[in-house]
A.B. asks: 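So that we are looking at the same thing, I have put the structure below in structure tokens.
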Amino acid sequence: MSNEKELQMEQNRVDWITSEISKKAQHLEKHAGKIGTEALDIRKTFWEDVTVNFDEPDDLAETYTSIKQQAELLSERERSHSQIDKQLKTLGRLKNSPYFGRIDFTEEGEAASETIYIGIASFMDEKDEEFLIYDWRAPISSLYYDFAPGPAQYETSLEKVTGVMDLKRQFVIREATIKSMFDTGVTIGDEMLQEVLGNNADTQMKSIVATIQKEQNQIIRNEQSKLLIVKGVAGSGKTSAAMQRIAYLLYRYRNIIKSENIMLFSPNPMFNSYVATVLPELGEENMQQATFQEYLHSRIGKRFDLEDIFSQMEYLLAKREDPDYPARIKSIRYKSGLDFKELIDSYAKRLSVEGLIFKDIKFRKRILFSKEVLHDYFYSLDRSYSIPNRIQIMKDWLRKELKRKVKQEQKAEWVEEEIQFLDKDEYLDAFKELQDKKEFTENSFDDFDREKKVLSRMLVTKRFKPVFNAVKGLKFIDLNAIYMQLFLVPPQEPQLHDTWTDISQLTVRVIQERKLFYEDATPFLYLQDLIEGRKSSTGIRHVFIDEAQDYTPFQFAFIRQLFPYSRMTLLGDLNQAVYSGPTGSETVLAEDALGFQDKETILLSRTYRSTRQIVEFTRQLIQGGDRIEPFNRNGDRPVVSILGNQDSLSIAINKAVKELKLAGHKTIAVICRTEAESRQAFESIEPGLDARLIQKGTIAYEKGISIIPAYLAKGIEFDAVIIYDASAYGDEGERKLFYTACTRAMHELYLFASQSPVPLLEGADNSTYILNRE
């Protein structure tokens with residue numbers, strides 16, 4: 001059969017499928033209208049259909065049951081309406097592009113092959129008996145991703161099915177019209193990838209279900225490993241595969257796992273918006289999402305002026321002349337590792353016997369329980385109990401003692417004085433309380449002694465509430481002093497002594513200013529949890545950590561304790577470990593196992609983001625870059641321009657931005673080394689170009705011209721990238737930062753330098769880039 005006839009046959013099927021989708025959508029819309037009307041009627045007549053009677057206990061029970069039944073009926077209708085609305089949205093997406101793949105598979109023992117069409121969601125015939133489209137996550141769909149025509153197999157929850165794939169066909173369908181169609185003998189044909197990768201970058205990450213590669217499919221469908229580590233080069237599709245993995249888990253375990261049972265730690269707030277549409281595009285709700293910094297801030301942001309990872313990076317890049325810089329490097333390096341965790345564990349054992357520090361519990365500037373009394377009470381408790389258990393006993397004791405103090409305080413002189421100045425609302429509150437408790441009749445409130453007694457109790461209880469809350473929140477423990485005390489005791493390891501002196505002096509000084517370095521935040525919380533009890537989350541079943549190379553071994557060990565029953569997926573690239581670069585600190589991806597017995601590591605060495613010319617240039621910038629495989633998509637070689645001074649730099653960048661806009665690029669990034677350099681670049685861009693300065697608090701990634709520090713650009717791609725001043729990256733510790741900046745480019749890469757030479761380009765093959773000198 002000719003290609004034209006094949007194409008026409010497939011288009012006829014697309015037309016038929018879209019017609020069937022329209023029929024089902026019309027049926028659902030009618031049903032939705034009916035349910036919506038019923039829900040509206042229930043709301044309007046809610047109280048008319050409820051039996052309300054409060055006269056007798058039996059009547060009260062009947063009233064409760066009647067209200068409950070009516071509320072459940074309304075809830076069921078609204079739930080049904082929501083489900084239909086979700087189905088209609090999925091049908092809308094299918095109508096535009098019903099599927100992207102077809103496989104013809106002959107199961108072993110069967111005479112005829114089965115034709116299977118694969119799309120973003122399942123679609124069945126009118127009688128709901130036969131699949132017209134299979135969801136890409138269905139077991140049989142794995143054939144499309146894992147095999148070429150020939151012998152093939154897939155696994156269901158019950159068995160392994162073997163057979164022969166007779167045909168693999170791929171489609172690009174837009175607005176129910178086949179734009180491209182090709183049969184392929186490989187996993188996913190290069191034609192399909194060229195079609196997708198040749199487009200402009202978008203402000204939202206897109207689903208990659210049509211182009212999932214075999215190695216990415218291994219990530220997505222992995223169900224065995226407790227810890228899955230994905231080490232992938234820049235542009236290899238790590239994050240995309242992770243998002244599809246989340247969608248797969250929600251489909252595979254749809255009766256067990258909901259979106260709220262999955263947690264994604266992302267690198268920055270802007271990244272959250274960048275990936276926010278992937279799951280809804282596949283008909284799933286978004287998982288819980290946060291940065292690790294947001295978690296740290298939620299726990300200790302009120303206690304300290306807490307440094308974030310971006311401010312730490314700025315310090316490392318811009319404050320090398322600071323006298324504290326050498327000590328700070330030592331501090332970051334040591335506090336990142338598991339040796340420091342072991343030191344804190346040892347310290348906590350000592351605290352079980354001696355050394356806990358408490359704060360006075362005060363009321364009206366009067367000490368109710370001195371820190372000495374609290375100390376003695378704590379260490380009077382059975383030392384076989386853990387510190388958290390003793391703290392809990394102590395808390396219960398304090399609450400009882402405070403209740404006794406509340407009674408005593410009601411007779412204090414200040415109480416009678418303050419009663420005279422109570423406002424009308426406080427009197428009404430007291431009166432209402434009496435009525436609720438049925439202590440007095442309406443007339444008996446005129447009794448002065450009774451009135452005074454009630455008001456005194458109410459007033460003192462109200463004034464004591466902050467004290468009770470402080471005890472409940474364990475504010476009587478002086479955590480700041482306890483953490484600081486750790487640095488006032490010389491370590492037992494002799495080799496640490498010189499380093500420890502520098503680290504401890506700097507740390508104590510900063511904490512005394514009520515500040516906390518980023519590298520101290522996790523150890524501080526870890527020690528807090530050893531004292532107060534762990535704040536673990538049992539509801540999270542899967543944790544995903546993107547840009548995992550930016551997490552220290554200590555941080556990962558802490559995260560494991562936060563989510564003790566979770567499976568974990570770590571995604572990262574050691575070549576983009578920009579935060580550990582200047583300090584030489586270990587990252588979690590460099591650690592071996594970290595306590596997991598059941599782990600699997602998947603390597604992704606092929607990059608799809610950048611053109612072959614950009615990859616051949618950027619892979620020279622890092623060690624082991626020869627192992628990076630470019631996808632064969634052609635473009636222009638990167639351009640390196642040596643300008644000689646800052647004034648020329650501004651002129652050249654404005655000119656380049658204009659040319660890139662004229663070339664049709666929708667997302668253009670001017671990537672800078674630091675925040676200060678970003679502001680400088682932003683101020684030099686002509687106002688008419690409408691550039692946008694991206695800062696650490698920026699929450700949305702938009703089209704246009706972005707001026708952005710390199711460490712905030714991680715995980716995001718742009719049509720064209722301009723490196724603001726390549727000669728500013730003068731230190732070997734910044735090599736990974738420089739590499740990360742350059743690998744954001746999809747189609748074009750320009751590097752401008754205010755002076756020569758450009759240190760990190762020394763040794764690069766000059767045939768891989770165009771050199772301009774001005």
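Any value given below was found using the heavy atoms of this structure, including those in side chains, with hydrogens, waters and symmetry copies removed. Since we're looking at a predicted model, the values are computed, not measured.
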A.B. asks: Which residues pass the side chain to side chain donor-acceptor pair (under 3.5 Å) test with Thr522, not counting sequence neighbours?
C.D. replies: none

A.B. asks: Judged by modelled atom types alone, do Ser266 and Asp546 share a side-chain donor-acceptor pair under 3.5 Å?
C.D. replies: no

A.B. asks: Return yes if a side-chain donor-acceptor contact under 3.5 Å exists between Asn222 and Glu600, otherwise no.
C.D. replies: yes

A.B. asks: Given Glu519, which of Arg333, Gln312, Gln555 fulfils the side-chain hydrogen bond (donor to acceptor under 3.5 Å, both in side chains) condition?
C.D. replies: Gln312

A.B. asks: So which atom in Pro709 and which in Ile694 form the shortest heavy-atom distance, rounded to 0.1 Å?
C.D. replies: CD-O, 3.4 Å

A.B. asks: Given Arg328 and Glu307, is the salt bridge (Lys or Arg N to Asp or Glu O under 4.0 Å) satisfied, shown in steps?
C.D. replies: CA-CA 13 Å; Arg328 186 72 198 278; Glu307 181 187 52; 2.6 Å; yes

A.B. asks: Are Trp136 and Tyr248, when compared by the centres of their aromatic rings, separated by less than 6.0 Å?
C.D. replies: no

A.B. asks: Determine whether more than 12 heavy atoms belonging to other residues, nucleotides or ligands lie under 6.0 Å from atom NZ of Lys535.
C.D. replies: yes

A.B. asks: Check whether the side chains of Lys335 and Thr507 place a donor and an acceptor atom closer than 3.5 Å, and report yes or no.
C.D. replies: yes

A.B. asks: Would Arg245 count as a cation-pi partner of Phe544, with NZ or CZ less than 6.0 Å from the six-membered ring centre and within 45° of the ring normal?
C.D. replies: no

A.B. asks: Going through the distances and angles, do Tyr334 and Phe340 end up as a ring-ring contact (aromatic ring centres under 6.0 Å, His included)?
C.D. replies: CA-CA 7 Å; Tyr334 182 63; Phe340 188 46; 5.4 Å; yes

A.B. asks: Is it true that the side chains of Tyr518 and Gln293 contain a donor and an acceptor less than 3.5 Å apart?
C.D. replies: no

A.B. asks: How long is the gap from CG on Asp308 to NZ on Lys696, to the nearest 0.5 Å?
C.D. replies: 3.5 Å

A.B. asks: Are a donor atom and an acceptor atom from the side chains of Tyr711 and Asn268 found within less than 3.5 Å of each other?
C.D. replies: no

A.B. asks: Please tell me whether Phe524 and Tyr483 form a close aromatic pair, meaning their ring centres lie under 6.0 Å apart.
C.D. replies: yes

A.B. asks: In the structure I gave you, are the side-chain heavy atoms of Ser536 and Pro564 within less than 4.5 Å of one another anywhere?
C.D. replies: yes

A.B. asks: Is there a donor-acceptor contact under 3.5 Å linking the side chains of Gln549 and Tyr579?
C.D. replies: no

A.B. asks: Sub-3.5 Å donor-acceptor pair from the side chain of Arg299 to the main-chain atoms of Tyr295, do we have one?
C.D. replies: no

A.B. asks: Considering residues at least two apart in sequence or located in another chain, which fulfil the salt bridge (charged side-chain N to carboxylate O under 4.0 Å, His left out) criterion with Arg679?
C.D. replies: Glu675

A.B. asks: Locate the shortest heavy-atom distance separating Ile391 from Ile531; write the atom from each residue and the value.
C.D. replies: CG1-O, 3.7 Å

A.B. asks: Going by the rule salt bridge (charged side-chain N to carboxylate O under 4.0 Å, His left out), which residues pair with Arg137 if we only count those two or more places apart in sequence or in a different chain?
C.D. replies: Asp135, Glu284

A.B. asks: Please name the pair of heavy atoms, one in Thr740 and one in Lys736, separated by the smallest distance, quoted to 0.1 Å.
C.D. replies: OG1-O, 2.7 Å

A.B. asks: Hydrogens and angles aside, do Arg390 and Ser352 bring a side-chain donor and acceptor to less than 3.5 Å of each other?
C.D. replies: yes

A.B. asks: Looking only at the aromatic ring of each residue, does the gap between the centers of Tyr701 and Phe271 stay below 6.0 angstrom?
C.D. replies: no

A.B. asks: Parallel, tilted or perpendicular for Phe487 and Trp500, by the 30°/60° rule?
C.D. replies: parallel

